[in-house]
Amino acid sequence: VGKKVQAIYLWWHKPVIDKELLQSLPNLKVIANSGVGMDHLDLKLVASFGVKMANAPRAVSSTTADTGMALLLASARRLVEVHNISISPSMEYCEADILGVKLAGATLGIIGMGSIGYKIALRAKAFEMKILYHNRTRRKVQDEQAVDATYCRRIDSLLQQADFVMLVVSLTPQTHKLIGKKELELMKPTATLINISRGAVVDQEALVAALQTGVIRAAALDVTSPEPLPRDHPLLKLKNVIITPHLGIKTDKATYMITEEAVENILAALSGLPLPSEVLPS
Amino acid sequence: MEGQELPYVLVDCIGGRIGVYEDHVGFLKKRFHLITMKEYLENKTVLSKKIRAIYMWYHKPAIDEELLQSLPNLKVVASSGVGIDHLDLKLLSSYGVKVSNTPFIVSTDTADMGMALLLASSRRLVEGHEMAVSPDTEYFPADWLGVEVSGATLGIVGMGTIGYKVAERAKAFEMKILYHNRNQRKKEEESAVGAVYCKKIDDLLQQSDFVLLAVNLTPQTHKLIGKRELELMKPTATLINISRGLIVDQDALVEALQNKVIKAAALDVTYPEPLPRDHPLLKLKNVIITPHIGSATKTTRWVMMEEMAESIEAGLAGLPVPREVLP
């Protein structure tokens, strides 16, 4: 069977691609990934076997941006907390203690302004938020103006001004633990951290400490290290944390589109044609 | 003013679930002599003539003819929020009492709440959080999916200030927007958000993936959404209510949810509030309920309080009342 396999469709980072697997599939031509993140793949290793790789960037950006906004809104309005109050047997609460944060006029700092980050900016603008962004490279002026976003060349400047900090970067050696103790301390004590990138972009221990001591107000995490977290992890118990099970692109429509994109890439590779969304080792 | 006593203003209570916020009391006490209902009832003979205004926070204290008759010098009722369905405007007017609300400041927060509920419901956020923190969770299933928001059709029932702000937000999510309103909006307003008018609510109900209620409660909108309307909705559709519980026939809604006539509901408002603890809505997996917090942000509640104080002061000074509601 190994000789017959020409393509692998990676669904949710499985099957795990290691040297052993690659060696056992001599006719493998292409690995198509569901989703856009490629940090779980050893790109150089795969390329060394002459195997092409592709991700599915088109399908994910809107859906992932929606996830980011869902988390931002849920955290700002304490949705999980208040839903639990509404269905609790006692319903004892003080409205003054469950007040949320007004978004209109608040500042959103987007770290990572790729296609997903940009779609978040488009959405946040409609909520009348002020938008700051930090990115490896500055976007074109027209792009900035379309969403009224201000570039922060230094991440510190963004962290100090933002009421909501949203992480939308790829995981690379440069973004690993991008947000640590120093960055959290630069944030406002009233600020919320939202992560829809990868758990490893945040120094998780530093985050726990920051949340426990009121260094920042709250966090909303669609991604953690690992997923799921061990059941005794402190993040699971903190009242000011919303954790979601890597919602990312998990909708009926997006997963269908991802499959379509993957199939396109696979068929192209097998026909010797250029791949629509090839990913090369950098 | 020097030598003059501060005006006596009746409130329901301070603190507790829905009483006047402790944080607001300092500001109010600089301007008014606050009397709680408890204090009033204990000393009616003295206080009834002194009370000149009522500061109505979260629809309390309830005002009936008996109360109006016993407050001969009542001039102004300032009500928090935009809804005034809990007030008998004709009755108040017949006693020469002016009424004010806080209509505009609540708009963005309430629209945000509508979007928060829409996104939370479609992406199964509450359910997902429970899974993420549950002691029994060993892995996240790969086929656990929500419903796409971007590109879906949102039907807004009631396109007033709040409904329009919802449309502005939904447009940024690339949603198709239908709306039903007593009157059609101007062409420029429709184009700005890409909204298509549905003269018949049925058309909106049949085409929408999400139906969001943003109407006032009036005799015409009472039980606007009943069995018939729910059956017109797609079986994959979600109902979101940020208006008033009574806009929906709640029993019909329970049945529709239990029988999968519609997919889900997300309700910031119910009837009553809160629901009895054994109510079926509290147990349904496909329902998100929040405790009427549409405008409950720290900033907005502070401004509401300031606006109400301003309206009372103007009314007592014989000046035009800001944000006056006419019968």
Side-chain angles (χ1 to χ4, degrees), chain A residues 11-12 14 62-63 65-67 69-71 73-74 76-80 82-96 98-105 119 122-128 221 224 227-229 231 235-237 242-247 250-255, chain B residues 15-19 21-23 58 108-109 111-113 115-117 119-120 122-126 128-140 142 144-152 168-174 274-275 277 282-283 288-291 293 296-301:
Chain A
W11 187 252
W12 219 245
K14 300 266 172 67
S62 294
T63 313
D66 292 353
T67 302
M69 293 305 294
L71 283 168
L73 282 158
R77 305 305 294 271
R78 306 167 81 147
L79 205 91
V80 174
V82 298
H83 169 80
N84 287 333
I85 286 173
S86 291
I87 61 170
S88 69
S90 69
M91 221 173 159
E92 265 173 39
Y93 69 99
C94 209
E95 199 181 70
I98 56 162
L99 295 176
V101 175
K102 179 171 173 160
L103 292 187
K119 291 213 168 182
L122 282 165
R123 284 150 178 70
K125 178 174 194 292
F127 286 80
E128 304 167 48
L221 313 170
T224 57
E227 287 169 20
L229 288 166
R231 299 293 87 190
L235 277 173
L236 302 189
K237 297 174 192 52
I242 293 177
I243 304 184
T244 45
H246 204 144
L247 300 178
K250 285 180 169 164
T251 67
D252 44 5
K253 191 168 153 199
T255 50
Chain B
R17 187 166 68 88
I18 53 169
Y21 298 166
E22 305 269 11
D23 285 349
Y58 209 134
T108 66
D109 285 346
D112 290 354
M113 197 66 211
M115 293 304 295
L117 287 170
L119 284 160
S122 61
R123 302 302 298 274
R124 301 168 69 183
L125 194 134
V126 174
H129 172 82
E130 277 167 16
M131 189 199 321
V133 305
S134 160
D136 305 326
T137 295
E138 290 174 24
Y139 64 92
F140 298 150
W144 190 95
L145 301 177
V147 163
E148 187 80 20
V149 168
S150 285
E168 286 174 334
R169 282 145 180 72
K171 177 175 195 286
F173 286 80
E174 304 151 38
L275 289 167
R277 298 294 86 192
L282 303 188
K283 297 176 190 60
I288 296 176
I289 303 188
T290 50
I293 48 162
T297 64
K298 202 162 173 187
T299 311
T300 295
R301 286 293 157 95

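Just so we're on the same page: letters track the sequence lines, and every chain starts at 1. When reading the values below, keep in mind they use all heavy atoms of this one structure, side chains included, and skip hydrogens, waters and symmetry mates.
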Let me know if B:Thr137 has heavy atoms under 4.5 Å from chain A in its side chain, its backbone, both or neither.
-> both
Could you tell me which portion of B:Pro135 (side chain, backbone, both or neither) has an atom closer than 4.5 angstrom to a non-hydrogen atom of chain A?
-> backbone
Residue B:Thr290 versus chain A: region with a heavy atom under 4.5 Å = both
A:Thr224, part contacting chain B, at a heavy-atom distance under 4.5 Å = neither
Do B:His129 side-chain atoms and A:Ile243 backbone N/O form a donor-acceptor pair below 3.5 Å?
-> yes
So, A:Arg77 side chain and B:Asp109 main chain: donor-acceptor pair closer than 3.5 Å or not?
-> yes
Within-4.5 Å side-chain heavy-atom neighbours: A:Leu79 and B:Met113 = yes
Worked verdict on B:Glu174 versus A:Arg123 for salt bridge (Lys or Arg N to Asp or Glu O under 4.0 Å) = CA-CA 9 Å; B:Glu174 304 151 38; A:Arg123 284 150 178 70; 3.2 Å; yes
Using modelled atom types only, decide if a donor and an acceptor are shared between the side chain of B:Arg17 and the backbone of A:Met91 within a distance under 3.5 Å.
-> no
Would you say the side chain of B:Val147 lies within less than 4.5 Å of the side chain of A:Lys253, judging by non-hydrogen atoms?
-> no
Test side-chain contact (heavy atoms from CB on, under 4.5 Å) applied to A:Leu99 - qualifying residues, sequence neighbours left out = B:Tyr21, B:Ala296, B:Lys298, B:Arg301
Given that the side chain runs from C-beta out, which part of B:Glu130 has a heavy atom under 4.5 Å from chain A: side chain, backbone, both or neither?
-> side chain
Go through the atoms of A:Thr244 and report whether side chain, backbone, both or neither lie under 4.5 Å from a heavy atom of chain B.
-> both
Across all chains, not counting sequence neighbours, the side chain to side chain donor-acceptor pair (under 3.5 Å) partners of A:Lys119 are A:Ser62
What one should report as the nearest heavy-atom pair of A:Asp66 and B:Leu119 is O-CD2, 4.0 Å
If one checks every heavy atom of A:Val101 against chain B at 4.5 Å, the contacting part turns out to be backbone
